[in-house]
Structures are given as structure tokens and as C-alpha cells.
J.: 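Got a structure here, written out as C-alpha cells. Questions coming.
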There are 2 protein chains.
Amino acid sequence: MSQATVARVFSSPDKVAPATREKVRAAADRLGYVPNAIARSLKAQRTDIVGAIVPAFGEYWQHVLTLFSRQLTERRKQLLLFSFAEPSQVNDVLETVARYRLDGLIAASASIGPAQLARIEQLAMPTVAFNQPAAAGLVPSVTVDNEAGSQALAAHIVDRGARSAIFVGGIASTSTDQQRYRGAVAELGTHGVACRYVEAGAFSYEAGYKIAQHLADDVDDRADAILVGSDEVAFGVVDGLRERGIEAPRDVLLTGFDGLPQASWVGYDLTTLEQPVELLVEHALTRLLDDGHASESTDVVVPGTIRQGRTTNA
Amino acid sequence: MSQATVARVFSSPDKVAPATREKVRAAADRLGYVPNAIARSLKAQRTDIVGAIVPAFGEYWQHVLTLFSRQLTERRKQLLLFSFAEPSQVNDVLETVARYRLDGLIAASASIGPAQLARIEQLAMPTVAFNQPAAAGLVPSVTVDNEAGSQALAAHIVDRGARSAIFVGGIASTSTDQQRYRGAVAELGTHGVACRYVEAGAFSYEAGYKIAQHLADDVDDRADAILVGSDEVAFGVVDGLRERGIEAPRDVLLTGFDGLPQASWVGYDLTTLEQPVELLVEHALTRLLDDGHASESTDVVVPGTIRQGRTTNA
DNA sequence: TGCATCGATGACTACGTAGTCATAAGGTCG
DNA sequence: CGACCTTATGACTACGTAGTCATCGATGCA
């Protein structure tokens, strides 16, 4: 047996005579031999690994990651996770990413700014920005239609009789927040409904909970409807308002954004814009792995659908 | 400049004269050179990557994974994710795992049976079974103290006046279910309280929701308390019962197990056994990466603490 | 029987790094 | 000022694979 034959048995078995193949297989079993993917990657210049740069927190990202992992497994690829707790860590993370010659990179975080995107560009690694509108034009991107989604939600609450509204965002400087707010304002404007922006300070349950109590205490400034920029924050808002005796939809109409599984939980039953996450992930991976030619438009925007929950049942 | 000098600049900079170092750095910047981690791994027989085999579903695993990723990032290691939707996929996954020469492997799923653990053993890869009691003795493991936790919860509800109880598990054949049920039965037994086991059929919100409605409809078989084997199922149970007009703690005492973030959300405010997940993860990684000598006991069991929520506020 | 063809296999090499050893340049001290 | 030591650098090799090319035996056909 030569090393070459063994290699063939594991990489292109049909090029080896069946008898030899079996002998090699048996010997491998006996000796506990397993092909070395590292060496294979070095030689083949292909790792079968896709990297993902994501924030270390947040229900939404956990949910998305799970889907990426599932779909990658189906394609016989692995997911290498690069998570970061602080935006300041992103640069370090990028340098680490650069060292692994990944087959593709998923950039999923508002903390990845233009400078970082430029660095990614340099790496000459197939990249997709996932739900990060600010990256559009700089890097191929796949995004849910934030503006249209927000417009739909706004139209929905106007339809339910809202004459005043507040938009609760997570972090004002993020492009998702801006797009979602803009969509809401645009639609509400055509109906003569004003909409103030309020910043919760984070994309977290706790931030939503706190800001809701402030809103509740500020009696001068009640609104018919509260549009929350993301589901996780919305859950906090729902609970914070409840704490003050304000219940949706009785006292206020309330919507989220994202369509997390928990939004369907009966305890919240939130009206929200459901992202077609499976589809988004599929688009992202197609773009990353199958494409090659940038023939099609590099920025994909996929519409979401309204999930009608109890919180806007007038 | 020789290749050797360049290598030194990136792996042990202090062995290179400052002037040379800067020249190399500058040239690298100019040419876009980045060290190749794949080649490095091949040579060094060390990948700086830790693998994790986890189910593709479930809030709990998402939560744990996030923590692993965070702690690994601090140790300058990466997390390579191997997720599977069906238990039948585990064998395939294991073969893939074997090919990557990982620095360590986290086996976290009840679907990894003795046969699979034996295979893992063969790989001669540092391994830790995470919250998978059945692996104890076969592979080093880190687990929360399921029995003691369940006992504590049982004592708690007895203290709150429960005279009858039901245990709602996810999947009866899993070792976590069994340990948690056993703990409950043991403690309740000493107080003369019977405790039936009911299987939800999955570790999911939906399973809990459905089983709760069955329980509610079975009027002959009401109990003072329901001990649910995991938080995610418990959320479903809470909502399923509410749907039938049964509210905790008014009509029944209710507890979960795990201590997910959502348990603290005011909407549920669940009494549950909080796992010290940070600590568990730390133990797991220490065992995996720092240890080397199996001097200390290989099976670590860490106690949890009760989180007192509204659902047992008699 | 001789020649062309084809399938199976082996020898060899490159992928990019890190460690070993050798070598050259500079510095110290008697 | 020379023997010795230190520091910086280069040449070389192995890690385990896959692809290229060469080799060899068998088969088919005239």
C-alpha cells in the first residue's frame, strides 16, 4: 500500500480497485486511522468551514446562528464561531479570522463598521453581511426589508385606530434601528400620525423593561401605539408596561420586529414582523458558497410578513 | 528576509531585532500577508479550536453555547459547531469531528449514547461531556447536581404546602429526566407526597403547552404542584395552564429547572433551579484545556441554587 | 503473437508553517 | 587583541494530504 492509494480510498474511492479499497479500510479501522482535515485543507486550499462573526448576546443572533449551523451541516460544512462581547474586540476577531482560510464569512453585527468591512474586503474571502443594512454596497449583503416591514406594521396599527405612536429602538446609531424607524415614520406620516423615537439603550429584555417604565410614568406623553424595534426589547416593554398596569392591546397597541419563536408563545403573543430567517440564511449561504460569479445583484432584500398577535387585537 | 525570520516575527516577536521586525511588519501590511492558521495547525499539531456537538434546537443549548463561545474567545480559542437535528446524524457528525484535530471536544447532548462515547474515546481527543449524566464514568463530565436540585425544589414546594405533585419530563429515556425525577420522588417520599411522572415528549415549549392542557382537562388528577423538568417546557406548561384558566401560584405551584434568562422575565417569573452555567462552562474548559493530568476526579458535579419566582409564592 | 489501450498503483512534490541546527556578526573580558 | 559568548538570521525539514506524472500488468484486437 502506498500513501497515495490510501489517500484515494478516502477522497475518490471509485479510482481504487474494490479489493484494495477494502483492505485499506480494514487497516484504517484496525489502526484507528482517520484522514486529517487540517492537512487536507492546507493542500486543497479549502477548509469546508464557514466563519461567523456575531455578538455574544441576544436571542435573535442565537436563533440565526442555530439556523446557519443547521443549513451548513446539510451542506457538509462546519460553522466556526467568532463571538465578541464588546465592539472593540471586533478588530482582534477579524485578525484571527484572517488566519483561518475559511470558505466563507458571515458578518452579522451592527458593530462591524465601514473600516472593518474594508478590512474584510482585503481578506479576499467570500463574505456576506447578514441583516446589516449599513454594509450594503460595501460587501454582498442579505437583509430583511426593514423599511417595508416597519411600514406594514405602521399601517397595521393605524388600521387598528392608532392616532399617536412611539418607536422604541435599541441603539439609535445602528442601521437597522434607523431603517425601521424611517419606515414607520414614512407610513405614519401619510396618515398624519406623529412618531417619536425613544432609545432603549440596548437590544435586550432589560433595556425594554426599563424604558417601558419610564414611558408609563411619563403621563403627558402617552401614545396609542408603541412600535418596538426588535422582539427581545418588545418582551421587556410588554412586561415593563404590565408592571405599571398598562396592558396591550387594552391600553396600547404594541408591535415587535423579528419574529422570534418566543413571540408566538402565548404569554406574549406579540404582533411582530416575522423575518423569513430560513430563507435569509439560505440566500446568504447560496451567495457565499454556490455563487462565484457576482452576476446577480449583490444586495438581497427579502420581505417579511406580519405575524398578527394579541397585542394589536383592538 | 528569510521565511524563517518572517515566521518568528509572528510567533515569537521577541526573538527578532526590532528593526527587522518593523520591516517585516511593514512588508506584510503592504503585501496583505497574514499567517496561515491551517499550516500552523498542521505543523504544531494544535488547532486552537474546540468542537462542540450539540442539538440544533433548544433555548438551553443556545444559552450554553453562547457562554462557551465567550469563554473560549477569552482564551484565544475558537468554537467549531457541530449541530444535528436528528439523533441518527450523530454518528456522521462524529466522523467529521474526528478529521479535524481539535484541541478539545464538548459533547453536550443526551443523544450521544454509550456507543458514541466509546467512539469518542477512540479519537484520543480531550473530551468533556456537558450536562450529560449518562456519560459519567465513560468520559470526563461536568454536570449540575440534578438530584440535589430536584430535591431542593421538592422541599421548597412541600414547604409551600403541596400535598400532591406531578413531574413533567421532556423525554423519559434521558438521564437528566431520570435524575431530576428521582430527586423529586426521593424528597417528596419522605414527606409522604406521591409524584407521578408525565412525559411531554420533547424538551420544547410546544410539548409543555400541549401536555399542560391534557393535565388541565384531566380533572380527576389535579395536583397541588407541578415540577417541570426544564424551563423551556415549563414556559409552555405555564401558558397551557393559563389557557385553561389555571394560574400559578393561585391554583397550582409550579417549578422549572435550568435557570434560563427567560425564567427571570416578569411575564413568567418562574421558580426554578438555576444552574451556575458560567461555572459549569469554566469547569468544562479547565478540564479540557488546562488539565492534562487526570489527577482530579473526572466527573464534576456542581450544585445549583433555587431561584424563587412568583410561581410558588403561596 | 505483437501492439495499442486502459485501469490500478506508486513515486514525487507543494501547500505554509515552526522548530532544529548552523552560521555570521557583534560584544565582552582578560 | 584573540578566545569566547551572545544575538540575529538563514537553511533545511516535517507535518499529512492531493494532484501530476510515470509505471506496470492486463486486456482487446488485428
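Only this structure's heavy atoms are used, side chains among them; waters, hydrogens and symmetry mates stay out. A quick note: this is a predicted structure, and the numbers were derived from the prediction, not measured. In the text below, chain A, chain B and the rest are named by the order of the sequence lines, each starting its count at 1.
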J.: Tell me which one of A/I49, A/L289, A/V281, A/L80 satisfies side chain to side chain contact (heavy atoms under 4.5 Å, CB included) with A/L72.
T.: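 Only one of A/I49, A/L289, A/V281, A/L80 forms a side chain to side chain contact (heavy atoms under 4.5 Å, CB included) with A/L72, namely A/L289.
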
J.: Please give, in whole Å, the distance from D/dG16 P to B/L42 CG?
T.: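 Between P of D/dG16 and CG of B/L42: 7 Å.
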
J.: Do A/Q116 and A/R119 have a side chain donor and acceptor closer than 3.5 Å?
T.: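 Absent: no donor and acceptor within the cut-off.
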
J.: Would one find a side-chain N or O of B/Q45 under 4.0 angstrom from OP1 or OP2 of D/dG16?
T.: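 Checking B/Q45 against D/dG16: at least one side-chain N or O falls below 4.0 Å of OP1 or OP2.
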
J.: What is the distance, rounded to the nearest whole Å, between atom CZ of A/R40 and atom C1' of D/dG16?
T.: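 Distance check: A/R40 CZ to D/dG16 C1' gives 12 Å.
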
J.: Salt bridge or not for A/E282 and A/R287, using N-O below 4.0 Å?
T.: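 Salt bridge: no.
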
J.: Between C/dA18 atom C1' and A/R99 atom CZ, what is the distance in whole Å?
T.: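 Interatomic distance, CZ of A/R99 to C1' of C/dA18: 13 Å.
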
J.: Both B/V16 and B/K43 contact DNA chain D. Taking the nearest nucleotide for each, which residue is further toward the 5' end?
T.: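 Its nucleotide being nearer the 5' end, the pick is B/V16.
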
J.: Can you tell me how far the CG atom of B/D48 sits from the CD atom of B/Q78, to the nearest 0.5 Å?
T.: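 So the CG of B/D48 and the CD of B/Q78 are separated by 8.0 Å.
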
J.: With sugar-phosphate meaning primed atoms plus P, OP1 and OP2, does A/T20 contact a base, only sugar-phosphate, or nothing at under 4.0 Å between heavy atoms?
T.: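 Since only primed, P, OP1 and OP2 atoms lie under 4.0 Å of A/T20, the category is sugar-phosphate.
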
J.: Could you tell me how far apart A/R46 (CZ) and C/dG16 (P) are, to the nearest whole angstrom?
T.: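 It works out to 16 Å between those atoms.
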
J.: On a plain distance test, is the side chain of B/R8 in donor-acceptor contact with the base of D/dG10 below 3.5 Å?
T.: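 It does, because a donor-acceptor pair links the side chain of B/R8 to the base of D/dG10 below 3.5 Å.
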
J.: Does a side-chain N or O of A/Y100 approach OP1 or OP2 of C/dG16 to a distance below 4.0 Å, or not?
T.: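 For C/dG16, OP1/OP2 do not have a side-chain N/O of A/Y100 under 4.0 Å.
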
J.: Once you apply a heavy-atom cut-off of 4.0 Å, does B/Q3 come out as touching a base, just sugar-phosphate, or nothing?
T.: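 Here B/Q3 touches the bases of the nucleic acid.
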
J.: Starting at atom OH of B/Y33, determine the distance to atom C1' of C/dG16, rounded to an integer number of angstrom.
T.: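 About 7 Å, once rounded to whole Å.
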
J.: In whole angstrom, give the distance that lies between atom NZ of A/K15 and atom C1' of C/dC6.
T.: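 Those two atoms, NZ and C1', are 13 Å apart.
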
J.: What I want to find out is whether B/R180 reaches B/D258 closely enough, with some N-O distance under 4.0 Å, to be called a salt bridge.
T.: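 Yes.
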
J.: Quick check on DNA chain D: between B/A44 and B/A4, whose nearest nucleotide comes earlier from the 5' end?
T.: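 Its nucleotide being nearer the 5' end, the pick is B/A4.
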
J.: What contact category does A/A17 fall into here, base, sugar-phosphate, or nothing, at under 4.0 angstrom with non-hydrogen atoms?
T.: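 Counting heavy atoms under 4.0 Å across all strands, the contact made by A/A17 is with sugar-phosphate only.
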
J.: Below the 4.0 Å mark, does C/dT9 have OP1 or OP2 next to a side-chain nitrogen or oxygen of A/S2?
T.: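 Result: no.
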
J.: Starting the side chain at C-beta, find the nucleotide from C/dT17, C/dT9, D/dT9 nearest to B/T5.
T.: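 That would be D/dT9.
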
J.: Atom CG of A/D14 to atom C1' of C/dT9: distance rounded to whole Å?
T.: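 Rounding to the nearest Å, CG of A/D14 and C1' of C/dT9 are 15 Å apart.
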
J.: What integer distance in Å separates A/F10:CZ from D/dG16:C1'?
T.: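 In whole Å, D/dG16 C1' lies 13 Å from A/F10 CZ.
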
